[in-house]
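Since the structure comes first, as structure tokens, the remarks are kept for the end.
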Amino acid sequence: MLHSVLDAIRSVPPLLAYGIISLLVFGEAAFFVGFLLPGETAVLLGGFLASQGHLDVVTLIVLVVTCAILGDTVGYEVGKRLGPRVMQLRPLQKHQGRLETAQDMLRHRGGPAIFLGRWTAFFRAVMPGIAGVSQMRYRVFLSWNALGALAWGVTFCLVGYFAGASYAKVASTIGKGSAVAVAVLVITGLVVWRVRRQRDDRAEQQRVETIAHHPEDARVPK
């Protein structure tokens with residue numbers, strides 16, 4: 001089954017693959033859908049396709065980084081023009097607690113919060129809009145946004161690329177059946193890592209919310 005899935009992914013025309021990946025990365029923050037359709041999944045698959053010779057990895061990285069910067073810029077402008085009303089947009093109405101956490105993060109950390117938010121799906125989707133709402137200077141926003149987009153884009157493109165290259169090497173050495181088994185183990189490991197990261201993110205979010213609403217709980221006892 002996994003082998004069929006990989007074959008299906010490889011059968012996507014290159015231009016269509018570039019277009020889908022670019023749209024998902026751009027739309028994360030521009031349309032506030034990143035926590036529903038995380039762009040990093042598309043980027044990882046793009047890296048895999050590049051490892052199979054289906055896409056060019058340099059072109060992929062350039063597209064991913066560029067679309068990430070442009071998408072975040074659109075999100076920033078939406079937040080700047082709509083102001084607090086952006087928090088009431090339909091996709092965000094069920095996430096008010098997490099939005100408050102993002103606002104606190106931006107308030108306390110400033111520009112670096114833009115870079116750090118890039119590595120979490122929800123924050124990646126909303127942080128640019130919140131930066132616009134808070135009237136952060138665009139030059140500051142752009143600097144941290146570009147840095148985060150570059151680091152994130154290169155990292156996930158190469159993770160997908162080297163994972164795909166490893167699959168191809170195993171397949172040529174020990175056969176496709178064994179390679180699929182290895183791929184299953186790798187994907188399982190990635191799923192477990194993803195679940196644990198989401199659990200850690202929720203724990204960190206709850207901690208930040210506790211500190212924000214009950215700062216006396218964060219004091220170190222003497």
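Worth knowing before you read on, the calculation uses all heavy atoms, side chains too, and leaves out hydrogens, waters and symmetry mates.
Closest heavy-atom contact between L49 and A17: CD1-CB, 4.0 Å. Here the shortest heavy-atom pairing between M105 and G117 reads CE-N, 4.1 Å. Shortest non-hydrogen contact noted between S134 and L106 is OG-CD2, 3.6 Å. Contact record, I114 with A131: CD1-CB, 3.9 Å, taken as the closest heavy-atom pair. Taking each heavy atom of V64 and C157 in turn, the nearest pair found is CG2-SG, 3.9 Å. For the pair A42 and L24, the tightest heavy-atom approach, listed with the atom from each and the gap, is CB-CD1, 3.6 Å.
How far CD of E28 is from CZ of R118: 6.5 Å, rounded to the nearest 0.5 Å. Taken to the nearest 0.5 Å, the CZ atom of F115 stands 5.5 Å off from the CH2 atom of W119. Atoms CZ and CG, from R137 and L142 in turn, are 12.5 Å apart once rounded to the nearest 0.5 Å. Here the CG atom belonging to L63 is positioned 13.0 Å from the CZ atom belonging to F26, to the nearest 0.5 angstrom.
Taking the six-membered ring where the residue is Trp, Y76 and F141 present parallel rings, their angle staying beneath 30° rather than reaching 60°.
Remark: D72 does not engage R124 in a salt bridge, criterion side-chain N to carboxylate O under 4.0 Å.
Remark: L158 engages V57, I61, V154, F162 in a side chain to side chain contact (heavy atoms under 4.5 Å, CB included) (not counting sequence neighbours).
In this structure, the side chain of H108 engages the main chain of D104 through a donor-acceptor pair within 3.5 Å.
Follow the hydrophobic side-chain contacts under 4.5 Å out from L60 and you never reach L15; the two are in separate clusters. Linking ILVMFWY residues whenever their side-chain heavy atoms come closer than 4.5 Å, directly or via other members, leaves L23 and L16 in distinct clusters. In the hydrophobic clustering of this structure, Y138 groups with W144; members are Ile, Leu, Val, Met, Phe, Trp, Tyr whose side-chain heavy atoms approach within less than 4.5 Å, directly or through other members. Note: the hydrophobic cluster containing L116 also contains F156 (ILVMFWY, side chain heavy atoms under 4.5 Å, direct or indirect links).
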Quiz: residues 145-152 side-chain donor-acceptor pairs under 3.5 angstrom, not counting sequence neighbours:
unit_1 : atom_1 : unit_2 : atom_2 : d
N145   : ND2    : I69    : O      : 3.4

